[in-house]
K.L.:
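Please read through the structure below; I'll follow up with questions.
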Number of protein chains: 2
Amino acid sequence: MRILLVEDEIKMASFIERGLKEEDYVVDVANDGEKALFLAEVNPYDLIILDIMLPVKDGITVCRELRSKKINVFVLMLTSKDRVRDKVLGLNSGADDYLAKPFAFEELLARISALLRRNKTDKTGILKIADLEMDQLKHKVTRAGKEIQLTSKEFALLEYLMLNATHVITRTTISEHVWHEDFDSFTNVIDVYMNFLRNKIDKGHKKQLIHTIHGKGYVLRE
Amino acid sequence: MRILLVEDEIKMASFIERGLKEEDYVVDVANDGEKALFLAEVNPYDLIILDIMLPVKDGITVCRELRSKKINVFVLMLTSKDRVRDKVLGLNSGADDYLAKPFAFEELLARISALLRRNKTDKTGILKIADLEMDQLKHKVTRAGKEIQLTSKEFALLEYLMLNATHVITRTTISEHVWHEDFDSFTNVIDVYMNFLRNKIDKGHKKQLIHTIHGKGYVLRE
DNA sequence: AACTATTTTAAGGTTAATTTAAGCAATGAG
DNA sequence: CTCATTGCTTAAATTAACCTTAAAATAGTT
């Protein structure tokens, strides 16, 4: 899952960024409202964490502009505890949820995962294809009951494949959903990671789940 | 569908080119305005993706000259985000749509497919002849309900046949709509591909859909 | 600073798609 | 009916896409 974090205080930003990366999210950081809007238009984020107090352009305005541009990404707003009226303003500007600072990091994680699953029919956050299972909340992956250790990138890639199971996804799409902002299209990292995943997931199993569609990309299916 | 991409930055150009080819579009690339005009006069593109900032001749001028020469191909303009007035200039010069760079690739794809379907009565993008069906958006082809795997060229060729169903189309026309820029007219690739298609589509079915019109070309009809 | 794990780059080998080429079959004008 | 032309089919050659591996670079830890 790709998240844009919009926060100007350096310390707070890197604290949150680090915490999110530990949870295997792919994170970009913007430190002002303009940059945030720019990034949000360019990249298909799954969620934006948006501080209200920002230089150049405040969070409320950023959120309004996102909505008026029909960018329908989830927005989680952050603001200081004492400014209660900001909550109302925030939600009215189109935010999906709201969290007062300071907060327990656990609380932030809980809200993020609630948001990311809001429109899903299945809220358990457990993805399944054949005997391959991924628990999105616990970040655990098993094949035939046996746990598989994945790095962040591997996890993010497999998650994207599983969310789009049975659909062919192109390298271009993968690069935009699983890699960060400045991705170089001449590289073959995606191929290399597909190989990593195959070794960890398909190797030694009769049914291959990762399939190559020549000239197009990859599919995850039985 | 055949697209001319006009973009001078090599990296950007090859990123877009690859993404389009993954979606089965036939793509030619021009890296300056003169080359673009030349190619557009010679080849019947379905769409031109035109960057504004170009060496030799800028995108606005290229677009104006296309229009004054009555080349009525769809034009989608690209320009940098910060130059808002270019949008007005672009649309005034005869462009059909406009997209600010950088952009999310999916946004570009969405606009392309909207443009290509703009003047169609049926916007579903599903083509049918007898029990042969093609979903232009999902890139899926079925005959009698059974899915048929096609390569990019096969797909592009069948798409063109289906779009012109019941009309006899010549090899020359096919080469102009389905093959790239430097097509050698002495080759028999088209015959070979027709054979590939017949094997995948007609073989084992009572009704043949692909018919040869001796001395003229081919038709797709019941 | 040194070590470890992860991510990225790069290169050579493999496979699939596309094009070329050649021989055979069908067509139709004379 | 004949034969030149056009089309079909197959296999080989070429090109492009993909896979695999190892080494290099980066990031994170101790």
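Residue numbering restarts at 1 for every chain, and letters A, B, ... go by the order of the sequence lines.
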K.L.:
Look at N195(A) and dT20(D) and indicate whether a side-chain polar atom (N or O) is within less than 4.0 Å of OP1 or OP2.
P.N.:
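For dT20(D), OP1/OP2 do have a side-chain N/O of N195(A) under 4.0 Å.
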
K.L.:
I need the CD-C1' distance between E154(A) and dT8(C), as an integer number of Å.
P.N.:
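Interatomic distance, CD of E154(A) to C1' of dT8(C): 13 Å.
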
K.L.:
Side chain of H214(A): nearest nucleotide among dT6(D), dA16(C), dT9(D)?
P.N.:
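The answer is dA16(C).
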
K.L.:
Does a side-chain N or O from T151(B) land closer than 4.0 Å to OP1 or OP2 of dT18(C), or not?
P.N.:
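True: T151(B) side-chain N/O within range (under 4.0 Å) of dT18(C) OP1/OP2.
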
K.L.:
Could you state the CD-P distance from E22(B) to dA16(D), rounded to the nearest angstrom?
P.N.:
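Whole-Å distance recorded here is 17 Å.
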
K.L.:
Counting side-chain heavy atoms from C-beta on, which of dT7(C), dC19(D), dT20(C) comes nearest to D191(A)?
P.N.:
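Nearest to the side chain of D191(A) among the choices is dC19(D).
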
K.L.:
Can you tell me how far C1' of dA17(D) sits from CZ of F186(A), to the nearest Å?
P.N.:
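Nearest whole value for this atom pair: 15 Å.
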
K.L.:
Please confirm whether the ring centroid of Y193(B) lies under 6.0 Å from the ring centroid of W179(B).
P.N.:
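Yes, the ring centres sit under 6.0 Å apart.
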
K.L.:
Over how many whole Å does the gap from F196(A) atom CZ to dC19(D) atom P extend?
P.N.:
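Distance, rounded to whole Å: 14 Å.
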
K.L.:
Which nucleotide sits closest to the side chain of Y193(A): dC19(D), dT19(C), dT8(C)?
P.N.:
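Comparing dC19(D), dT19(C), dT8(C) against the side chain of Y193(A), the answer is dT8(C).
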
K.L.:
Between dC19(D) and T212(A), is there an OP1 or OP2 to side-chain N/O distance shorter than 4.0 Å?
P.N.:
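Checking T212(A) against dC19(D): at least one side-chain N or O falls below 4.0 Å of OP1 or OP2.
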
K.L.:
Using only side-chain N and O atoms of W179(B), determine if any of them is under 4.0 Å from OP1 or OP2 of dT19(C).
P.N.:
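So the side chain of W179(B) is within the cut-off, an N or O lying under 4.0 Å from OP1 or OP2 of dT19(C).
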
K.L.:
Sub-3.5 Å donor-acceptor pair from the side chain of T187(B) to the main-chain atoms of V189(B), do we have one?
P.N.:
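Yes, the answer is positive, given that a donor and an acceptor are paired below the 3.5 Å cut-off.
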
K.L.:
Checking K57(B) side chain against D32(B) main chain: does a donor-acceptor pair fall under 3.5 Å?
P.N.:
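Checked: no pair found.
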
K.L.:
Would you say a side-chain N or O of T187(B) is under 4.0 Å from OP1 or OP2 of dT20(C)?
P.N.:
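Answer is yes, contact under 4.0 Å.
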
K.L.:
Rounded to whole angstrom units, what separation is found between the NZ atom of K203(A) and the C1' atom of dC19(D)?
P.N.:
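Going from NZ in K203(A) over to C1' in dC19(D) covers 12 Å.
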
K.L.:
Checking side chain to side chain contact (heavy atoms under 4.5 Å, CB included) between E22(B) and each of V168(A), T173(A), T172(A), which is the one that passes?
P.N.:
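Looking at V168(A), T173(A), T172(A), the match for E22(B) under the side chain to side chain contact (heavy atoms under 4.5 Å, CB included) is T172(A).
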
K.L.:
Return the value, rounded to whole Å, for the distance between atom CG of N188(A) and atom P of dA17(D).
P.N.:
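About 14 Å, once rounded to whole Å.
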
K.L.:
Which one, dT7(C), dC19(D), dT19(C), comes nearest to the side chain of V189(B)?
P.N.:
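Within the option list, the nearest is dT19(C).
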
K.L.:
Return the value, rounded to whole Å, for the distance between atom NZ of K153(A) and atom C1' of dT26(D).
P.N.:
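Taking atom C1' of dT26(D) as the reference, NZ of K153(A) is at 12 Å.
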
K.L.:
For dG7(D) and R171(B) - does any side-chain N or O of the residue sit under 4.0 Å from the phosphate oxygens OP1/OP2?
P.N.:
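Result: yes.
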
K.L.:
For Y218(B), which contact category applies under a 4.0 Å heavy-atom criterion: base, sugar-phosphate, or nothing?
P.N.:
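It contacts sugar-phosphate atoms only.
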
K.L.:
Can any side-chain N or O of D58(B) pair as donor or acceptor with the backbone N or O of L54(B) at less than 3.5 Å?
P.N.:
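Not confirmed, D58(B) side chain does not pair with L54(B) backbone.
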
K.L.:
For dG7(D), does OP1 or OP2 lie under 4.0 Å from any side-chain N or O of R198(B)?
P.N.:
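For dG7(D), OP1/OP2 do not have a side-chain N/O of R198(B) under 4.0 Å.
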
K.L.:
Rounded to the nearest angstrom, tell me the gap between atom CD1 in I190(A) and atom C1' in dC18(D).
P.N.:
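Checked: the CD1 to C1' distance equals 13 Å.
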
